[in-house]
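Below is one structure, written out as structure tokens; the observations come after it.
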Amino acid sequence: MSTLLIVLRRDLLLAGRRRSEVLTALFFFVIVASLFPLGVGPERALLKRIGPGVLWVAALLATLLGLPRLFAADHADGTLEQMALSPRSFTLQVAGKVAAHWLLCGLPLVVLAPLLGLQFDLDADTLWVLALSLLIGTPLLSLIGAIGAALTLGVRGGGALLALLVLPLFVPALVFGAGAVEAQAAGLGVQGHLSLLGAMLALALFFAPWALTASLRVALE
């Protein structure tokens, strides 16, 4: 685990020197989520109905925004190749980079989402479910997106290809994440949605690092 923590600390320190890249995704999330109440109008029933989906889509797109840079800089300067040749576990090093991406791009969305949810007239219990669904769902988005970033690494037009590749894979997380919030707002049970979301996260945590390692080794050849 020391390998994972070393890479995690390194990426967090590097992100501290490039704060604009991190803040871009957060501002994007805030702006997209805030435009809908302005465009739709002050009708409370409509805002409450569309709020969960809007917030989840905005979080999904904000996560996607930071994915092209996940491995690009390390690939350009040769660091990624040195990681692959290092005696330390390449899988744990890659997992550390994904964890850093989530801490920088996913966790802030979890914190900001309840505040933005107030614009959609969501009650306290619904905001709590929104934060919980994003806490489970954003790591899943980072893991799936990282695989797409690895597969498109070094490819011309990789950003557009990455979006086409991972957006369909994000759909189950979007459906069950937003579905949990909508169920809570409607007074229904949320356990089924959150359980399925958690099951997908557990599968991704187990399989994604190995798929990432294989994809990156192919990209480095």
Side-chain angles (χ1 to χ4, degrees), residues 12 15 19-67 98-146 163 166-202 204-205:
L12 291 178
R19 297 176 186 174
S20 61
E21 297 181 0
V22 178
L23 293 176
T24 298
L26 299 182
F27 281 126
F28 177 84
F29 176 62
V30 172
I31 291 171
V32 170
S34 300
L35 285 177
F36 276 86
L38 295 174
V40 171
E43 187 178 347
R44 298 176 64 181
L46 178 58
L47 289 175
K48 194 170 185 177
R49 189 166 65 250
I50 68 171
V54 168
L55 291 167
W56 251 92
V57 169
L60 184 152
L61 295 176
T63 301
L64 180 63
L65 198 62
L67 288 174
V98 178
H101 175 270
W102 178 75
L103 287 174
L104 294 167
C105 296
L107 187 58
L109 304 183
V110 178
V111 176
L112 287 174
L115 298 176
L116 297 174
L118 295 173
Q119 301 177 98
F120 296 90
D121 196 36
L122 300 179
D123 57 51
D125 290 337
T126 305
L127 292 175
W128 166 251
V129 173
L130 171 65
L132 182 58
S133 68
L134 286 172
L135 186 62
I136 301 172
T138 48
L140 176 62
L141 298 179
S142 292
L143 288 165
I144 295 173
V166 302
L167 282 177
L169 301 177
F170 282 172
V171 170
L174 172 64
V175 169
F176 292 115
V181 186
E182 291 172 357
Q184 177 64 36
L188 304 175
V190 302
Q191 292 82 0
H193 294 86
L194 294 179
S195 296
L196 288 170
L197 199 59
M200 289 190 290
L201 175 60
L205 286 171

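Quick caveat, the model's predicted, so the values are computed rather than measured.
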Would you check if [X] and [Y] make a side-chain contact, meaning some heavy-atom pair closer than 4.5 Å?
X	Y	answer
Leu65	Leu61	no
Leu201	Leu197	no
Leu132	Val190	no

Spacing of [X] atom [atom1] and [Y] atom [atom2] [to the nearest 0.5 Å]:
X	Y	atom1	atom2	value
Phe176	Trp56	CZ	CH2	11.5 Å
Leu167	Leu174	CG	CG	10.0 Å
Leu64	Leu60	CG	CG	7.0 Å

Return the minimal non-hydrogen interatomic distance between [X] and [Y], and the atom names on each side.
X	Y	result
Ala33	Phe120	O-CZ, 3.4 Å
Ala58	Phe28	O-CE2, 4.5 Å
Phe36	Val54	CD1-CG1, 3.5 Å
Gln184	Val129	CG-CG2, 3.7 Å
Glu182	Arg49	OE2-O, 4.5 Å
Gln119	Pro37	CB-CG, 3.9 Å

Criterion side-chain contact (heavy atoms from CB on, under 4.5 Å) on Leu55 and Val181, from CA distance to verdict: CA-CA 10 Å; Leu55 291 167; Val181 186; over 6 Å; no
Sequence neighbours left out, cut at 3.5 Å: what donor-acceptor pairs do the side chains of residues 98-116 make with other protein atoms?
{"unit_1": "His101", "atom_1": "ND1", "unit_2": "Ser142", "atom_2": "OG", "d": "3.2"}
{"unit_1": "Trp102", "atom_1": "NE1", "unit_2": "Thr138", "atom_2": "OG1", "d": "2.8"}

Trace of the side-chain contact (heavy atoms from CB on, under 4.5 Å) decision for Phe29 with Leu26: CA-CA 5 Å; Phe29 176 62; Leu26 299 182; 5.7 Å; no
Residue list, side chain to side chain donor-acceptor pair (under 3.5 Å) with His193, at least two apart or on another chain: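 If we apply the side chain to side chain donor-acceptor pair (under 3.5 Å) test to His193, skipping adjacent residues, there are no hits.
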Summary of salt bridge (Lys or Arg N to Asp or Glu O under 4.0 Å) pairs that have at least one residue in residues 35-47, sequence neighbours excluded: Arg44-Asp121
